[in-house]
Amino acid sequence: MAVAPRLFGGLCFRFRDQNPEVAVEGRLPISHSCVGCRGERTAMATVAANPAAAAAAVAAAVAVAEDREPQREELPGLDSQWRQIENGESGRERPLRAGESWFLVEKHWYKQWEAYVQGGDQDSSTFPGCINNATLFQDEINWRLKEGLVEGEDYVLLPAAAWHYLVSWYGLEHGQPPIERKVIELPNIQKVEVYPVELLLVRHNDLGRSHTVQFSHTDSIGMVLRTARERFLVEPQEDTRLWAKNSEGSLDRLYDTHITVLDAALETGQLIIMETRKKDGTWPSAQLHVMNKNMSEEDEDFKGQPGICGLTNLGNTCFMNSALQCLSNVPQLTEYFLNNCYLEELNFRNPLGMKGEIAEAYADLVKQAWSGHHRSIVPHVFKNKVGHFASQFLGYQQHDSQELLSFLLDGLHEDLNRVKKKEYVELCDAAGRPDQEVAQEAWQNHKRRNDSVIVDTFHGLFKSTLVCPDCGNVSVTFDPFCYLSVPLPISHKRVLEVFFIPMDPRRKPEQHRLVVPKKGKISDLCVALSKHTGISPERMMVADVFSHRFYKLYQLEEPLSSILDRDDIFVYEVSGRIEAIEGSREDIVVPVYLRERTPARDYNNSYYGLMLFGHPLLVSVPRDRFTWEGLYNARLMYSRYVSKPNSDDEDDGDEKEDDEEDKDDVPGPSTGGSLRDPEPEQAGPSSGVTNRCPFLLDNCLGTSQWPPRRRRKQLFTLQTVNSNGTSDRTTSPEEVHAQPYIAIDWEPEMKKRYYDEVEAEGYVKHDCVGYVMKKAPVRLQECIELFTTVETLEKENPWYCPSCKQHQLATKKLDLWMLPEILIIHLKRFSYTKFSREKLDTLVEFPIRDLDFSEFVIQPQNESNPELYKYDLIAVSNHYGGMRDGHYTTFACNKDSGQWHYFDDNSVSPVNENQIESKAAYVLFYQRQDVARRLLSPAGSSGAPASPACSSPPSSEFMDVN
C-alpha cells in the first residue's frame with residue numbers, strides 16, 4: 001500500500017510498502033537539513049549515496065515530521081502566499097514604522113521564491129527550499145554581515161509578519177540566525193538599520209577581554225550601560241559609568257545616559273570601558289592627588305563613621321570646605337545622592353546648567369565622604385569644576401562660604417532640573433485677588449520652570465508688598481527664595497582712636513578713644529574730643545597722617561564715614577587757620593614736615609637726598625612773627641623734643657667756614673629737583689589746602705628757603721615744599737597758587753645731637769582708651785523681625801509704579817508665606833559702605849531645637865500640626881577673623897548617629913551642644929521637625945535618635961573651638 005506524498009521542509013517523500021527505494025519529488029537543493037515549522041530546528045541526516053543509509057535517514061525524518069505535525073503549517077496556495085508576502089498589511093510594501101523589526105532575505109532565494117509562486121505550479125522544480133542567507137554573511141562563526149551589501153542587489157527587506165510566514169512555510173537553513181534589523185527614525189527619514197554599531201565592551205580592570213555587542217544607533221547610552229552590567233555580572237548596588245576611547249587614544253566620559261548611540265557619535269569597533277566605583281567612593285580613573293606624605297600612609301582598610309570625614313585645604317579653600325560640610329549633612333539631599341536618584345534626573349541640555357558636571361562632582365564627593373573609608377579627602381576635582389563654571393572661584397583667593405553655597409545650590413538645581421524645556425511664564429500681580437490664590441499661582445508657575453530636589457528641599461515662598469509713596473498704589477507678589485539673608489541690629493555709634501596734639505610744648509600727644517555717630521561729621525569728632533580735653537572744637541584741625549605726610553586735612557562738614565578704621569587720625573590744637581585771609585588778625589597755621597639729609601645710594605657722598613621722618617605738624621604762627629626767623633624760633637619753642645642750642649653751638653666764629661658750610665647746608669635750586677624719596681608710598685595732595693590763596697608765604701617772606709647765605713650756622717634749614725614733602729611745587733597748577741608746606745631739613749649730625757627721637761614718638765593714653773563699647777547679644781528672632789520690617793527702597797534701586805508711570809522710592813515689606821524643609825539662614829555679618837567695610841561680631845543667640853516660625857508665617861496655619869513651623873539645627877558655617885583675613889569651619893550633626901562634630905578642614909572632632917553658639921556663627925541650617933520625623937520613622941525601631949539635635953558623646957572627648 002502506497003503512502004501519500006508528504007511535504008517536509010521543501011522535500012517531498014513517497015514511501016512504498018514492498019519497495020524500500022526512496023522516491024524524491026521536487027527539488028533537493030542542498031544536503032544540509034533545514035529549520036522546521038515556526039522556526040524550530042529539525043535535525044536531518046545527510047542524504048547519502050548509500051540507499052540503506054538514505055532509507056534510515058528518511059525514516060528518521062518522517063518520524064520527526066509526524067511528531068511535529070500538529071505544530072506545522074501546510075503551504076497555502078501560491079496566490080495566497082504572494083498576497084501575504086508582497087501585498088497586504090503584513091507585506092513588504094507596507095510603510096516603515098520606527099522601532100519595528102524587519103528581516104533581511106538573500107536576493108537570489110527571494111527571486112526563486114517569486115518565480116515559484118508566480119509559476120502557478122506548486123510541485124514545480126523551482127521550489128526554493130529552505131531560506132538560505134549564507135551569501136550575506138562574512139563568516140559562519142560570528143555571523144557578521146558582509147560590508148557594502150546593497151538592498152535590491154544583495155538582499156530584500158521583509159516585515160516581521162512576512163518573515164515569519166516564510167519561515168513557517170519553508171524553514172530556515174540549519175544554524176543560521178535570522179537577520180533582524182530595527183527601523184530607526186533619523187531627522188526627516190525612517191530607515192531600516194542594516195548595519196548596527198558593534199561596540200567592544202570591556203571592564204576597566206580587565207581590558208584584554210572584550211565582548212562584541214551590536215547596538216542600534218537609536219539605543220541609549222543607558223542601554224549600553226545596562227548591557228555591559230549584564231555581561232560583566234555587576235551587582236545592583238555597585239555604581240558604574242562608561243568611557244569611550246576616541247580615535248586619538250584618549251578617553252571621553254559618556255555623561256548623558258539618555259542620549260542615543262548616534263548622538264554620542266559612537267562607531268563600530270569602538271572600545272567602551274565600564275568603570276566600577278570602589279568601596280571607598282572613589283573612581284579608579286580619578287585617583288586623588290596626594291597632598292602630603294601622611295595621606296599615602298593612610299590605612300586602606302580604614303573603616304569609620306560615614307560622614308565623619310575632613311576636607312583638605314587646597315590653599316584658602318576653607319570657605320568651600322565649610323559650605324560642603326554643611327550641605328553634606330542635609331539628610332534628604334545626601335540620601336538622594338547616595339541612593340543614585342540623581343542619575344535619572346541629570347539634565348545635560350539645560351542652557352542654564354553645567355551639563356551635569358557640578359552634580360556629578362558633588363555626588364562623587366558625597367559618596368567618598370559617606371563611604372566610611374576616609375579620614376579626609378582632597379576635593380581637587382570639585383574645586384576645578386567650580387572654577388571652570390564660576391571664574392570668580394578660580395585660583396586660591398579667600399571667598400565667602402555663603403557665596404559659594406548660593407552658587408552650588410543654583411548649579412545643582414539646574415543640573416538636576418526635571419524641566420527639560422522651560423516655558424515662558426508671565427508674572428502676574430495680585431490685583432486685589434486673595435493671597436491664597438495668588439500664592440498658589442506663583443508656586444505653580446515656579447514649578448513649571450524649576451522642579452528639582454533643590455526646590456523640593458530648600459525653596460520657600462515670600463510675600464512682597466510695595467507701596468507707592470505718591471499715589472498709594474499697592475503691589476503684591478509672591479517670590480520663591482532659597483535662603484534667608486537676615487540683617488543684624490546695627491549700632492548707630494562707632495569707636496574711633498585718635499591722637500591729640502596740644503599746642504602746649506610741655507604736653508605730650510594723647511591717645512583717645514571716642515564714641516561718635518556712624519553717620520556724623522568731622523565736627524562731631526571734635527565735639528567728642530573736646531569733652532575729654534577741654535579744648536574748644538573750633539581750635540581743632542583733623543588730619544589723616546600716612547607715611548610721615550598729611551594724606552588729607554579734613555573740613556568740619558565732611559562725613560565721618562570717610563575715615564576708615566585703619567586710618568591714623570591726628571587732631572591738632574591750633575590758634576588760627578591754614579587759609580590765610582588778608583586783613584585777618586588770626587594766627588597762620590603752617591603744615592610742617594620733618595626731613596633728614598642722607599647720602600645718596602647710587603652716587604658719591606657729595607650728593608645728598610632727603611627722607612621724611614617723624615610725624616608732621618601743624619604749627620600756629622602769630623601774624624606779626626610770620627617770617628623765616630619767626631618760624632625757626634617758633635619751631636624751637638614749640639617742640640619739647642628739640643633741644644635749644646646755646647650761642648657757642650650756633651656760632652662757629654669763622655665767616656669763611658660758614659660760607660663753605662652754607663654751600664652744603666643751604667638747599668640751592670638743584671636740591672629740590674634732586675630730592676630722593678625712599679618711601680614707596682606716595683600720598684596725594686592735601687584736599688584742605690588746594691584752594692587758591694591770596695596770601696602766600698613766598699610773597700610774605702620774599703624767598704622759598706632759609707637761612708640765606710652767609711648767616712651763622714643753624715640746627716636745621718627751612719624750605720617750602722608741596723604736599724608730598726618734595727621741593728618740586730609745580731606738579732599741578734593748583735599747587736603753584738596754594739599755601740606751601742614747610743619742610744625742616746636736618747643734618748644727620750645735628751639731628752643726632754638735638755633731636756630726641758624717643759621723646760618725639762612718646763605719647764600718653766587717656767583714660768577713655770580703656771573703654772570698650774559693649775555689644776549686647778541679640779536673638780535670632782530679632783534678626784528675622786528686622787528682616788520683615790518695612791523699609792524704603794534706596795535711590796540706586798527704585799521701583800517703577802505702574803499707576804504713576806515713574807520710578808518711586810517705595811516702601812517694601814517682606815513676609816514669610818511658605819517655609820521649606822531645610823531653612824538656610826544667612827546672618828549678614830559683613831557690612832559694606834562707600835568708604836568702609838566691617839564685620840559685625842555681635843553674638844546671635846539661636847536655638848538648637850524648636851525654632852518656632854509660627855509667628856512669622858502669615859499663611860493660614862494648620863494648628864493640628866505645629867511641627868510644620870518648628871525647626872531643629874543641623875549645621876552651622878562659622879567665620880573667624882576680620883574682613884581681610886579669616887577662617888571658616890563647620891559644626892554639623894551626623895544624620896546617622898545624631899552626634900555633633902566640628903569640621904576644621906581635614907580635622908574632625910566631636911563637640912558639645914553648648915559650644916555651637918558663638919560670635920563666629922555665619923550660616924545656619926535648620927531642618928523642619930516633621931521632615932526629621934518622616935526621615936527617621938523607618939529606623940525608629942533601631943534606636944535612632946528622634947531629633948537631629950540629640951545626644952552628644954562624653955565631654956572629655958571634646959575640643960574647645962571657641
Side-chain angles (χ1 to χ4, degrees), residues 352 402 406 409-410 413 419 422-451 455 458-490 492 518-519 559 561 780-820 823-828 830-834 853-862 868-869:
L352 301 178
Q402 189 272 334
S406 176
L409 288 174
D410 184 65
H413 160 64
V419 180
K422 295 188 177 184
E423 57 181 306
Y424 173 75
V425 176
E426 184 176 358
L427 300 179
C428 299
D429 195 81
R433 293 180 294 165
D435 285 350
Q436 193 78 27
E437 176 184 342
V438 181
Q440 184 176 0
E441 178 187 90
W443 184 250
Q444 290 175 351
N445 289 340
H446 179 59
K447 293 278 285 186
R448 284 163 62 186
R449 292 175 54 87
N450 304 277
D451 186 14
V455 175
F458 297 98
H459 282 207
L461 204 62
F462 280 142
K463 177 186 177 183
S464 176
T465 306
L466 289 164
V467 180
C468 178
D470 288 351
C471 66
N473 178 45
V474 179
S475 173
V476 176
T477 57
F478 287 82
D479 305 304
F481 68 89
C482 189
Y483 51 85
L484 299 181
S485 290
V486 299
L488 273 63
I490 300 176
H492 298 291
K518 280 189 175 181
K519 296 184 179 181
S561 58
L780 179 60
Q781 289 83 343
E782 296 178 46
C783 301
I784 300 172
E785 288 177 1
L786 194 60
F787 174 78
T788 58
T789 302
V790 178
E791 62 176 355
T792 302
L793 298 179
E794 298 177 351
K795 294 181 180 180
E796 296 79 10
N797 186 30
W799 170 65
Y800 182 79
C801 177
S803 179
C804 298
K805 305 298 181 183
Q806 58 183 350
H807 289 87
Q808 300 284 0
L809 299 181
T811 59
K812 181 179 182 179
K813 187 178 190 305
L814 292 176
D815 292 295
L816 300 177
W817 180 267
M818 183 179 70
L819 297 178
L823 181 61
I824 302 176
I825 302 178
H826 166 224
L827 303 177
K828 298 173 70 173
F830 299 108
S831 174
Y832 300 91
T833 65
K834 183 178 180 181
F853 271 86
S854 58
E855 61 177 303
F856 301 108
V857 177
I858 64 172
Q859 181 184 11
Q861 300 180 11
N862 183 2
L868 292 175
Y869 312 101

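Count residues from 1 along the sequence.
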task = Specify the closest pair of heavy atoms between Pro798 and Leu809, including all atoms of both residues, with the distance to one decimal.
result = CB-CD2, 4.2 Å

task = Using the side-chain contact (heavy atoms from CB on, under 4.5 Å) rule, take Gln859 and Gln436 through it: C-alpha gap first, then chi angles, then the decisive distance, then the call.
result = CA-CA 8 Å; Gln859 181 184 11; Gln436 193 78 27; 3.8 Å; yes

ask   = Can you name the closest pair of heavy atoms from Cys482 and Leu409 and give their distance?
value = SG-CD1, 3.6 Å

task = Decide yes or no on side-chain contact (heavy atoms from CB on, under 4.5 Å) for Tyr800 and Lys805, but give the supporting numbers first.
result = CA-CA 7 Å; Tyr800 182 79; Lys805 305 298 181 183; 3.6 Å; yes

inquiry  = Measuring from atom CD1 of Ile824 to atom NE2 of His826, what distance do you get when rounded to the nearest 0.5 angstrom?
reply    = 11.0 Å

task = Quick one: closest heavy-atom pair of Pro860 and Tyr869, and the distance?
result = O-OH, 4.3 Å

task = Would you tell me whether His413 and His459 have side-chain atoms, one donor and one acceptor, within less than 3.5 Å of each other?
result = no

message = When you compare the side chain of Asn473 with that of Pro802, does any pair of heavy atoms fall below 4.5 Å?
response = yes

message = Please report the interatomic distance CG(Asp815) to OG1(Thr465), rounded to the nearest 0.5 Å.
response = 6.0 Å

key: Pairwise side-chain contact, Leu814 with Lys812, heavy-atom cut-off 4.5 Å (strictly under)   = yes

request  = Drop me the distance from Trp443's CH2 to Asn450's CG, to the nearest 0.5 angstrom.
outcome  = 9.0 Å

ask   = What's the spacing between Glu785 CD and Leu780 CG if we round to 0.5 Å?
value = 10.5 Å

query = Taking the side chain as C-beta and beyond, is there a heavy-atom pair between Cys801 and Cys471 under 4.5 Å?
reply = yes

Minimum heavy-atom distance Ser485-Lys828, with the two atoms named = O-CD, 3.6 Å

ask   = Side chains of Gln440 and Phe478: closer than 4.5 Å at any heavy-atom pair?
value = no

query = Roughly how far apart are Leu466 CG and Thr477 OG1, rounded to 0.5 Å?
reply = 6.5 Å

inquiry  = Contact between Leu827 and Leu488 at the side-chain level, heavy atoms closer than 4.5 Å - yes or no?
reply    = yes

inquiry  = Within the 4.5 Å heavy-atom criterion, are Asp470 and Gln806 side-chain neighbours or not?
reply    = yes

task = Measure the shortest side-chain to side-chain distance between Arg449 and Val419 over non-hydrogen atoms and say whether it is less than 4.5 angstrom.
result = no

key: Distance (rounded to the nearest 0.5 Å) between Thr792 OG1 and Gln808 CD   = 12.0 Å

ask   = Is the count of non-hydrogen atoms from other residues, nucleotides or ligands lying under 6.0 Å from Glu794 atom CD greater than 12?
value = no

request  = With the side chain counted from C-beta on, respond yes when Cys783 and Pro487 share a heavy-atom pair under 4.5 Å apart, and no when they do not.
outcome  = no

request  = Quick one: do Leu484 and Ile784 satisfy side-chain contact (heavy atoms from CB on, under 4.5 Å)? Show the steps, please.
outcome  = CA-CA 9 Å; Leu484 299 181; Ile784 300 172; 5.6 Å; no

ask   = Does a sphere of radius 6.0 Å around NZ in Lys519 hold more than 12 heavy atoms from other residues, nucleotides or ligands, not counting ones at 6.0 Å or beyond?
value = no

message = On a heavy-atom basis, which atom in Asn445 and which in Glu426 lie closest, and how many Å separate them?
response = ND2-O, 4.3 Å

ask   = Trp817 and Val857: which non-hydrogen atoms are nearest, and at how many Å?
value = O-CG1, 3.3 Å

request  = Report the C-alpha distance between Phe481 and Leu823 in whole Å, list the side-chain angles of each, state the deciding distance to 0.1 Å, and finish with yes or no for side-chain contact (heavy atoms from CB on, under 4.5 Å).
outcome  = CA-CA 10 Å; Phe481 68 89; Leu823 181 61; 4.1 Å; yes

